[in-house]
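Throughout, numbering of the chain's residues begins at 1 and tracks the sequence. Worth knowing before you read on, the calculation uses all heavy atoms, side chains too, and leaves out hydrogens, waters and symmetry mates.
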Amino acid sequence: MEAIPSDTQTMAAPDSGFNFLTPDAWKALLSHYSHIVLVANSEAVDFKRLRNELPETALYVFFNNVYKVLDEPFAGHAVLFARSGVMGANIVHRREAADVLRFFAGDDFLGVVNIRVSPEENFSEEGRFEGAETRHLDLTKMLVDLYPVGKIATSGFAVALWLAELQLPGKILLAGFSAKRSEKWKVFDVHDWTFEQIFLRLFARMGTISMMGGVDASPYAALARRFPQVPPIEIAMTAAEVLSERLHNANSQIDRLMSVTKSIRAIEGFFRRFKPKTRKQRFLEKSKE
């Protein structure tokens, strides 16, 4: 890993088990790269296009369970952002750290960054990441007055916003940030996917970041080119009108499905009571004692 200036290296007490960097230290570390590529755990990621179009000076940022997008060890500059939960880093308490870190090796791997984005989440100590160089990043204050209440930011969204605020010389590129559910991987309702997509696409239109397969593929941009005489606000209002009608129709069908499946959901709820408690549930119950 690149050397960090000694006067800005850490904000944590020695032997605390945590390694926090100052913003200047992060900037010093990440400014060496021409591109910072955030790779979503999504089938929409086009690695062939990324590797063909980007130089070797690009840094690839991976998240959590990278076996969702990698089939073999990654060759290139990389860093792993490991998200925390109430029991610490998810890949640690689920005993997946070894399976995830086997995809990275050599001097091009910058190590692990254990992040949290809400006060309920807790860090894991440096020694819990299979010997990998580990640093910690707390993004709770950055998101507290920004993200919708009752929802929790995704790791990719939080890191993209944090990188933008660092004002790095390199370009920030989001790859595979589609927020679409696929047959293989699901999206979780705890995140506000609509808010994140709006925010990131506005960032992209401002030139702060770039999105591969996002803004550059927008059909509404084609509408603006086809109807140059129509103000953008009129195009937006017309699109909102159509989407509102479609959402209303979809909600009507959802209400009907909820009614039809009422008995099935009641049976499922009954048998769920007999399901053994997870390690997380036992941990939360014990912490309240």
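- Taking CG of Leu168 as the start and OG of Ser34 as the end, the distance is 12.0 Å to the nearest 0.5 Å.
- Between Thr134 and Asn19, the side chains place no donor N or O within less than 3.5 Å of an acceptor N or O (distance only, hydrogens not considered).
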Using a 3.5 Å cut-off and no angle test, enumerate the donor-acceptor pairs between side-chain atoms of residues 241-260 and protein atoms at least two apart in sequence or in another chain.
| unit_1 | atom_1 | unit_2 | atom_2 | d |
| --- | --- | --- | --- | --- |
| Asn249 | ND2 | Glu245 | O | 3.2 |
| Asn251 | ND2 | Leu247 | O | 3.4 |
| Ser252 | OG | His248 | O | 3.1 |

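- Arg51 forms a cation-pi arrangement with Tyr60, by the criterion of a distance under 6.0 Å to the ring centre and an angle within 45° of the ring axis.
- The OH atom of Tyr147 sits 3.5 Å away from atom CD of Glu196, with the distance rounded to the nearest 0.5 Å.
- Taking the ring pair (Phe, Tyr, Trp, His ring centres under 6.0 Å) definition, one finds that Phe62 meets it with Phe74, Phe104, sequence neighbours left out.
- Side-chain contact between Asn114 and Ser84 is present, with at least one heavy-atom pair separated by less than 4.5 Å.
- Screening Ile209, Leu50, Val39 against Leu173 for a side chain to side chain contact (heavy atoms under 4.5 Å, CB included) leaves a single residue, Leu50.
- Leu161 and Leu146 get closest at one heavy-atom pair: CD2-CD2, 3.2 Å.
- By the 30° and 60° cut-offs, the orientation of the rings of Phe195 relative to Phe199 is tilted.
- By the neighbour-count criterion of 12 heavy atoms within 6.0 Å, atom CZ of Arg83 is densely surrounded, having more than that number from other residues, nucleotides or ligands.
- Contact annotation: the side chain of Leu163 approaches that of Leu30 to within less than 4.5 Å [non-hydrogen atoms, C-beta and beyond].
- For Asp24 and Thr22, the side-chain atoms include no donor-acceptor pair closer than 3.5 Å.
- Phe81 and Phe63 have tilted rings, their planes meeting at an angle from 30° to 60° on a 0 to 90° scale.
- Counting non-hydrogen atoms of neighbouring residues, nucleotides and ligands closer than 6.0 angstrom, the NZ atom of Lys151 exceeds 12 such neighbours.
- Under the 3.5 Å distance criterion, the side-chain polar atoms of Gln197 are matched with a main-chain donor or acceptor of Phe177.
- When the shell of 6.0 Å around CZ of Arg265 is examined, it contains more than 12 heavy atoms from other residues, nucleotides or ligands.
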